[in-house]
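Have a look at the structure below, then the notes.
Lettering of chains follows the sequences in order, A, B, ..., and the numbering in each one begins at 1. All values derive from a computational prediction rather than experimental measurement.
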Number of protein chains: 2
Amino acid sequence: MSEKFHHIGKSLPRVDAPGKVSGLTRFITDMHFDSMVFAYPVVSPIAFGALDGVDISPARKMPGFLGAWFAGDIPGENQVGVILPDQPLFAQDKLRFVGDAIGIVAAETEVDAISAARSVKIDTTPREPILSINASKMATGKKIHENNIACEHRLERGDIQAGFADADVVVEADLVTPYQEHFYLEPQGCIVVPQGDAFTVYGSIQCVFYVQKAIAKVLGISFSKVRVIQTPTGGAFGGKEDIPSEMCARAAVAAWHLQRPVKMIYRRRDDVQWTSKRHPFQMHYKVGVSKTGKLLSADIILEENAGAYATLSSVVSYRATMQAMGPYAIPNIQVHSTSYYTNLPPTGAFRGFGSPQATFGHERMMDILADRLGMDPVEFRLKNILKPGQETQTGHALSTSVGAEATLLKSANAAEWQTDARPMVSKDGRYREALGVSVCHYGNCLGAAGWSMDGAGVKIQINRDGSIAVAFGLIEMGQGALTVVTQMTAEALGVNAERISILPTDTSQVPDSGPSVASRNIVMTGNAIRNAVEKLKPILSTAAAEAMECAPENVAFQNDQVVNTKSGNALSISALCEYLYVTNRPMDALGWWHVPALTYDAQTGRGEAYFTYSYATHIARVQVDTLTGQVRVQKVWAAHDVGKIINPAGLAGQVQGGVVQGAGWAIYENFGHDNAGRITTPNLSTYLLPTAADSVDVQAFWIEDPEPLGPWGAKGIGEPAIIPTAAAIANAVSRIVGQPMNQIPLTPERVLVAFEDKVVHE
Amino acid sequence: MSEKFHHIGKSLPRVDAPGKVSGLTRFITDMHFDSMVFAYPVVSPIAFGALDGVDISPARKMPGFLGAWFAGDIPGENQVGVILPDQPLFAQDKLRFVGDAIGIVAAETEVDAISAARSVKIDTTPREPILSINASKMATGKKIHENNIACEHRLERGDIQAGFADADVVVEADLVTPYQEHFYLEPQGCIVVPQGDAFTVYGSIQCVFYVQKAIAKVLGISFSKVRVIQTPTGGAFGGKEDIPSEMCARAAVAAWHLQRPVKMIYRRRDDVQWTSKRHPFQMHYKVGVSKTGKLLSADIILEENAGAYATLSSVVSYRATMQAMGPYAIPNIQVHSTSYYTNLPPTGAFRGFGSPQATFGHERMMDILADRLGMDPVEFRLKNILKPGQETQTGHALSTSVGAEATLLKSANAAEWQTDARPMVSKDGRYREALGVSVCHYGNCLGAAGWSMDGAGVKIQINRDGSIAVAFGLIEMGQGALTVVTQMTAEALGVNAERISILPTDTSQVPDSGPSVASRNIVMTGNAIRNAVEKLKPILSTAAAEAMECAPENVAFQNDQVVNTKSGNALSISALCEYLYVTNRPMDALGWWHVPALTYDAQTGRGEAYFTYSYATHIARVQVDTLTGQVRVQKVWAAHDVGKIINPAGLAGQVQGGVVQGAGWAIYENFGHDNAGRITTPNLSTYLLPTAADSVDVQAFWIEDPEPLGPWGAKGIGEPAIIPTAAAIANAVSRIVGQPMNQIPLTPERVLVAFEDKVVHE
């Protein structure tokens with residue numbers, strides 16, 4: 001590009017690093033308010049059954065006990081379903097999972113609150129819990145809700161039967177992906193501070209506007225009486241998208257009754273038992289190809305374990321449905337997705353949001369098909385990969401920023417992918433290695449299903465000393481939002497980044513900017529910044545021209561100065577700001593951007609499902625220890641089409657983290673529950689999260705195929721970073737063991753069994 | 001007026017009343033932050049002299065002592081002068097009044113901090129203090145600053161000598177007005193919360209942007225690193241205009257060093273000793289009139305006691321100078337104002353800001369002149385009172401909203417003013433009564449001297465449920481700002497007031513809106529609200545037209561609904577807001593307004609000193625007990641030209657409070673100091689503030705002569721409410737005792753002496 005940037009594309013060090021490194025940053029656990037008390041939920045001890053009654057008399061005898069509140073004590077509506085109204089704040093009759101909240105207890109200290117909550121006697125009539133998709137599907141007589149289906153989506157395009165008839169090869173496969181627990185470093189936490197009928201909420205929160213809405217509903221008050229301020233958030237990964245709404249609303253009920261600030265921090269074990277995880281998927285793919293390797297038809301069935309409440313299942317499965325066949329051109333396709341209720345914790349948002357599951361489906365299928373065709377997996381993918389002008393599976397003709405092929409070529413080239421690449425065996429035969437490839441696309445922002453909340457705002461405030469404060473409606477959760485917002489503001493205004501400070505996200509600062517999800521911060525906030533600066537620039541230019549006695553068209557903002565391009569005279573930004581101030585000019589501006597209208601038909605699943613897509617290819621070199629079955633990822637070549645790089649270091653961090661988190665899901669993470677619906681891996685001694693020793697050597701590459709609607713051409717990266725990893729690893733392991741590894745995690749047991757099967761069959 | 005208002009002109013109950021009445025409102029003393037410590041200043045024990053050294057070893061031995069910081073420990077600039085750079089944050093060499101800050105001490109508890117601060121040994125070389133205007137003027141050799149003059153102003157118009165030559169009567173008089181202590185219920189207080197290099201300040205503060213600027217300078221950090229949030233403020237009256245800047249900056253130095261939240265609340269005795277008061281004025285008026293009662297010429301000398309630092313003296317005396325001859329047409333005038341430094345606490349802003357003093361001058365003169373002409377005081381005033389088209393004393397031809405005459409006629413009529421009204425004597429002769437009249441004008445907002453900071457902003461945020469949050473840059477300090485901002489927003493948007501909440505004033509919400517002074521809230525914030533609504537209305541109308549399927553020009557906002565004026569169909573505001581939300585429209589707007597440019601020449605004092613004026617007449621019926629000398633105000637008829645009434649109940653409250661505060665200054669308040677510069681009336685057992693028993697029966701009248709630049713025609717009222725009272729009382733007492741009472745307060749001693757003089761002379 002000929003345009004020269006001063007901040008875009010530069011690795012500005014993380015602006016939140018000094019506070020986090022030095023310990024100055026105060027998280028919600030560090031915060032205290034005068035007269036503050038502590039709360040803890042009273043929850044269902046059973047996975048399924050009837051709630052017959054509660055007895056709080058043991059709690060009353062506990063030290064520091066202040067009160068307990070149940071469904072009947074809710075001032076407003078007993079409902080916190082984020083999309084469907086299927087979830088009471090406090091269960092009244094039916095109990096649907098171990099951890100289903102029944103009420104809330106408050107006490108003077110945290111320990112007292114937990115003890116008192118646990119001491120409440122809960123009378124129940126248990127039923128046999130429904131603990132799997134198949135059990136939910138098959139269940140007769142005892143439904144979890146009115147029926148056991150939380151939601152469905154359909155996509156139909158072309159004529160799949162005709163497609164299969166034309167196909168030379170038709171392959172079917174079942175694919176299974178597991179739960180994944182977010183295991184954010186910082187557990188869920190909040191403080192609700194009441195002031196009469198108004199409430200200020202502080203918390204580790206991804207979506208401040210969701211929390212505002214939830215509390216307004218539960219307390220029966222207006223939005224303007226609920227102010228939500230995000231505190232520095234120690235990881236989220238989607239796990240703090242909807243959960244803080246129910247958590248804060250519960251604390252708010254206690255605050256409403258007590259009129260004292262109420263703090264609640266979930267213990268790790270409870271956090272794991274009570275809060276959302278990645279949806280387990282079971283998928284059936286039937287795909288037909290010509291013998292030349294052209295995709296002709298696909299019939300895809302996606303089934304998701306939604307857990308006890310629908311929460312975000314409808315949008316998670318929407319995304320999986322829209323992306324089920326990946327970034328490939330395919331004329332005939334049908335996808336049917338169904339989310340099933342079970343008596344397990346609700347599943348919801350987790351980085352990728354249905355995409356890693358769908359990508360596991362289509363990318364395993366691409367390798368299986370390539371094998372059947374006797375074709376190299378990369379070559380086969382290249383024959384089908386989406387190119388500009390081609391249509392997505394939803395029939396959306398993409399004209400710009402379609403970098404899928406470039407990511408595939410880049411990573412294959414870097415990994416020295418050989419068309420005859422077969423598994424390499426070490427000298428002693430114990431360790432075997434292979435490469436695996438996986439390609440994905442990711443619809444940016446919320447898509448058609450969430451279009452009505454796909455706007456976001458910023459407020460830029462210029463001070464007379466030339467310092468600049470920016471408020472934005474999305475959040476920093478570790479992904480580097482504060483840093484890129486700083487860079488984008490500096491670039492848009494043409495000033496030094498040191499001038500810029502970012503305010504804590506606060507519902508009172510900017511309008512409802514929707515959720516901080518869907519890799520949407522750079523696109524939404526970046527465009528909103530540009531919108532605000534469009535409003536500020538004429539004011540700044542007119543003032544500068546006045547101060548420098550020249551024509552406004554001769555004013556340019558360069559290198560933290562205002563320059564008279566004709567005379568070469570310059571004015572410092574600080575001097576300009578002082579001039580703005582003393583001439584009584586307004587020194588702030590609001591910016592707003594929303595995703596353009598999308599044509600999409602929910603009946604057929606056709607149209608513009610998303611306004612644009614990010615693309616990525618991961619190639620993994622994987623080693624299997626044939627003695628122990630252990631899988632190690634030796635290296636990942638990760639090429640991402642990000643439209644335009646904002647911060648290379650941040651981008652590399654996202655991809656490093658995404659690959660490791662993807663590897664964890666693919667290999668280690670052993671989320672489990674017993675047949676009473678109790679999670680058996682509720683802490684780090686039982687749940688096998690990748691450690692530093694399991695980290696992966698990642699070589700990242702960037703494709704810059706600018707998206708015209710993205711700010712400076714940029715697209716989202718947060719989720720694409722994790723999406724292709726698991727399938728790349730599974731594809732490599734499949735090559736190594738010579739068996740299709742269609743289920744993850746690739747635990748030693750599973751790998752050894754597959755390998756032994758292979759050996760037996762050979 | 002034909003226009004029908006739904007909120008303007010209605011007595012909406014105070015929106016802050018429920019919290020204040022119920023005790024839910026939390027003032028700064030009620031607030032606590034985790035790890036918070038307390039601070040207290042180390043101050044000069046002497047009024048004048050050299051600081052030779054400090055010894056903190058006694059403080060080190062005190063319990064809970066955390067540290068002590070002095071001039072050398074200030075990270076930035078040791079300077080807090082609000083206009084002139086004459087005031088160090090911590091005195092380094094020269095000590096200029098008892099209470100001059102030398103440093104700050106922090107300790108774990110409030111009591112420990114105060115004890116530790118008091119234990120610091122301060123070595124000084126005292127000098128004879130300068131304690132009066134005359135002593136300051138006369139002082140040779142020992143100057144308080146480079147010289148003893150803090151500031152000067154001049155106004156010259158016409159030819160005063162020619163004017164005096166034409167005059168039939170020329171009268172000269174000396175007039176003296178005293179100190180007045182604000183005695184806000186809530187003393188000065190703040191909490192500074194550090195987070196690395198950023199600071200959030202909470203406090204009982206009139207001018208959040210002043211505090212931001214002061215801390216940025218003292219800590220050497222940018223404005224965007226200082227966020228100032230006003231806490232509910234228990235009275236201010238100008239006393240929290242500049243003082244919080246120095247107070248918060250001192251606490252910020254401790255917070256900077258400790259990196260812990262620092263709280264500081266001044267004890268009442270210290271608050272009185274250390275903080276600003278109303279300037280004592282001594283004035284010399286020489287005024288010439290024709291025998292027909294036309295004012296021809298005035299030569300006025302104003303001298304102000306500025307105390308130890310200039311603080312706001314230059315703008316207080318600017319206002320007094322610009323208004324020195326009152327709302328009368330006078331062709332020839334000269335005013336010369338000089339503020340003198342003394343070794344007493346700095347004087348500064350106090351409701352009226354120089355106007356009550358100047359009004360005491362011109363209104364006593366008007367009565368003295370009327371007496372000399374044998375003319376009725378009201379009749380004499382009517383001959384000279386400013387009328388539309390006439391010029392003010394600064395030569396500003398006023399074309400609109402000149403309600404001076406109307407206020408005079410209204411109150412005189414209501415009081416049944418008789419042209420032959422002489423003092424009435426009670427049957428036993430002990431109690432005598434008379435009426436006194438006083439007229440004033442008050443330049444709205446900051447005027448030419450403060451034009452460069454005379455802008456203000458609002459942010460209006462509409463929520464999807466139809467609730468509306470408003471942020472504004474000025475503050476509620478008891479005057480009813482929150483209530484009128486609610487009304488004006490409701491009126492501008494055409495919605496119910498219940499929808500509206502007002503956010504705490506916070507420097508991060510809106511741009512620098514200048515100080516909350518000069519009766520400027522209604523004018524500035526009202527116009528900014530209208531500006532914001534001008535931006536919102538097209539968005540709202542377009543959306544409403546879309547939702548109701550009609551033309552935008554047929555959309556009207558009425559009675560909390562959007563109405564299709566053609567079909568009569570209506571949409572609730574809540575439904576419209578939900579529609580705005582789901583169609584992704586921006587739902588907030590910033591508003592800005594600034595006073596139009598003023599022509600004013602500081603050399604000659606000629607031009608537009610202010611863009612418009614409020615007018616008022618107070619007539620007081622006063623009783624003197626000739627045995628004890630006690631003065632009682634029996635009734636005040638107060639007519640105010642407010643342009644347009646926003647809230648009649650609030651207006652009545654302002655005038656009731658203003659009259660009582662004016663009566664306090666005129667009769668009771670006995671501010672005193674000893675000859676070491678120590679205040680002898682530092683609490684309510686010694687300072688005679690009017691009590692409820694001294695309250696005045698006020699009958700208020702409103703003149704609505706709309707100001708085209710005021711929102712809905714409104715002008716300021718906060719200060720006009722107090723301005724004319726003292727002179728009206730003094731005029732009545734002068735009539736009763738038959739002697740010119742040219743000095744207040746009218747203490748029993750002073751009245752008895754005057755009365756006895758009169759009796760002796762009779």
Quick check on [X] against chain A: is it the side chain, the backbone, both or neither that has a heavy atom closer than 4.5 Å?
| X | value |
| --- | --- |
| B/Ser508 | both |
| B/Ile500 | neither |
| B/Asp197 | neither |
| B/Trp593 | neither |
| B/Gln461 | side chain |

Who wins among [options] for the most heavy-atom pairs under 4.5 Å with chain A?
| options | value |
| --- | --- |
| B/Gln212, B/Gln195, B/Met587 | B/Gln195 |
| B/Gly196, B/Ser224, B/Gly455 | B/Ser224 |
| B/Val595, B/Asp454, B/Thr583 | B/Asp454 |

| task | Give, for atom CZ of B/Arg499 and atom CG of B/Asp465, the distance between the pair rounded to the nearest 0.5 Å. | result |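 One gets 8.0 Å once the value is rounded to the nearest 0.5 Å.
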Using every non-hydrogen atom in the two residues, find where [X] and [Y] come nearest and quote the distance to one decimal.
| X | Y | value |
| --- | --- | --- |
| B/Pro515 | B/Cys207 | CB-SG, 3.3 Å |
| A/Ile215 | A/Ala249 | CG1-CA, 3.9 Å |
| B/Ser513 | B/Gly457 | OG-N, 3.0 Å |

| Taking the side chain as C-beta and beyond, is there a heavy-atom pair between A/Tyr581 and B/Asp512 under 4.5 Å? | yes
Report which part of [X] has an atom under 4.5 Å of a heavy atom belonging to chain B: side chain, backbone, both, or neither.
| X | value |
| --- | --- |
| A/Ile462 | neither |
| A/Glu498 | neither |
| A/Leu590 | both |
| A/Arg26 | both |
| A/Thr507 | backbone |

| field | Ring centre gap for B/Tyr202 and B/Phe33 strictly below 6.0 Å | value | yes
| field | side-chain contact (heavy atoms from CB on, under 4.5 Å) partner of B/Ile229, chosen from B/Thr200, B/Val208, B/Val201, B/Thr505 | value | B/Thr200
| More than 12 heavy atoms of other residues, nucleotides or ligands under 6.0 Å from NZ of A/Lys213: is that the case? | no
| B/Lys459 and B/Asp588 ion-paired at < 4.0 Å | no
